[in-house]
Amino acid sequence: MARILSIDYGKKRTGLAVTDPLQLIAGGLATVATSELFDYLCRYVAQEQVERIVVGEPRQPNGEPSENLARVQQFVNRWRKQKPEIPIEYYDERFTSVLAHRAMLEGGLKKKARQDKALVDEISATIILEDYMRSKQK
């Protein structure tokens, strides 16, 4: 089997998470500058077998598209054009940042660590991936 990678796409930073090769466990991978994301992913998939990419679909709580959706769609279209062998799909990411902050609180992280936006992005990507994996088990 190959890994599944998830993306919490942001205007400045993007959080990434990945499964183990057996797709049993999701874990944070990195937070990268969004301007470097495409090249980072190309290097990663050249080194690791990736079966698919799941990208958080940014929506407002009422289901309307968020302002970031257009940027995410541009990235997804570029990926599909240049790397069609690795499918990429959207997954609802509403409330992942809230859940990431809650996980940090429950994990006992100090205030300074909870203010680390890169860590929040990586945890959000992990939550997206865990939710995606649960949805596929049903």
Side-chain angles (χ1 to χ4, degrees):
M1 290 181 87
R3 299 175 188 272
I4 300 173
L5 188 141
S6 70
I7 300 173
D8 181 34
Y9 192 96
K11 187 175 183 179
K12 295 179 183 177
R13 287 174 321 280
T14 297
L16 302 171
V18 69
T19 66
D20 63 295
L22 296 176
Q23 299 178 8
L24 299 174
I25 300 169
L29 175 63
T31 300
V32 298
T34 299
S35 60
E36 300 169 12
L37 176 63
F38 195 87
D39 292 337
Y40 180 94
L41 289 177
C42 287
R43 286 191 306 274
Y44 186 82
V45 300
Q47 296 172 351
E48 297 285 343
Q49 275 193 295
V50 175
E51 176 180 303
R52 89 179 35 255
I53 296 175
V54 178
V55 62
E57 183 176 32
R59 298 218 168 253
Q60 297 176 15
N62 66 1
E64 293 293 314
S66 79
E67 89 173 61
N68 198 35
L69 184 58
R71 287 187 283 274
V72 173
Q73 289 171 329
Q74 283 181 329
F75 173 80
V76 168
N77 291 338
R78 179 180 178 200
W79 184 267
R80 285 179 175 156
K81 217 178 260 184
Q82 295 186 17
K83 295 285 185 183
E85 67 278 10
I86 302 175
I88 188 167
E89 65 183 270
Y90 293 102
Y91 191 77
D92 187 350
E93 72 167 23
R94 282 180 279 183
F95 310 114
T96 54
S97 293
V98 173
L99 293 171
H101 281 288
R102 185 178 299 155
M104 293 169 85
L105 273 171
E106 291 172 359
L109 289 179
K110 304 252 185 269
K111 185 176 182 181
K112 185 136 178 100
R114 293 193 313 262
Q115 292 172 336
D116 181 355
K117 292 180 179 172
L119 181 58
V120 173
D121 294 337
E122 192 174 317
I123 292 171
S124 293
T126 305
I127 291 169
I128 291 168
L129 187 52
E130 288 172 340
D131 286 352
Y132 174 82
M133 290 167 59
R134 264 193 300 276
S135 76
K136 295 302 173 188
Q137 289 175 345
K138 294 180 181 177

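No experiment lies behind these values; they were computed from the predicted model shown.
- Looking at Pro58 and Glu93, their side chains come closer than 4.5 Å, going by heavy atoms from C-beta outward.
- Closest approach of Ser6 and Ala125 over heavy atoms only: OG-O, 2.6 Å.
- Taking CD1 of Ile53 as the start and CD1 of Ile4 as the end, the distance is 11.0 Å to the nearest 0.5 Å.
- Closest approach of Ile25 to Met133, counting heavy atoms only: N-CE, 4.1 Å.
- Heavy atoms from other residues, nucleotides or ligands lying under 6.0 Å from CD of Glu67 number 12 at most.
- In this pair, Phe75 and Tyr9 present their aromatic rings tilted. The plane angle is within the 30 to 60° band.
- Note that the CZ atom of Phe38 and the OG1 atom of Thr14 stand 13.0 Å from one another [nearest 0.5 Å].
- Of the possible donor and acceptor atoms, none in the side chain of Thr126 sits under 3.5 Å from a partner among the backbone N and O of Ala17.
- The shortest side-chain heavy-atom distance between Ile86 and Leu41 does not fall under the 4.5 Å cut-off.
- A distance of 9.0 Å separates CZ of Arg52 from CD of Gln23, quoted to the nearest 0.5 Å.
- Proximity of a side-chain donor or acceptor of Gln49 to a complementary backbone N or O of Arg3 within less than 3.5 Å is not detected.
- Using a 4.5 Å cut-off on side-chain heavy atoms (C-beta onward), Val72 and Glu57 make no contact.
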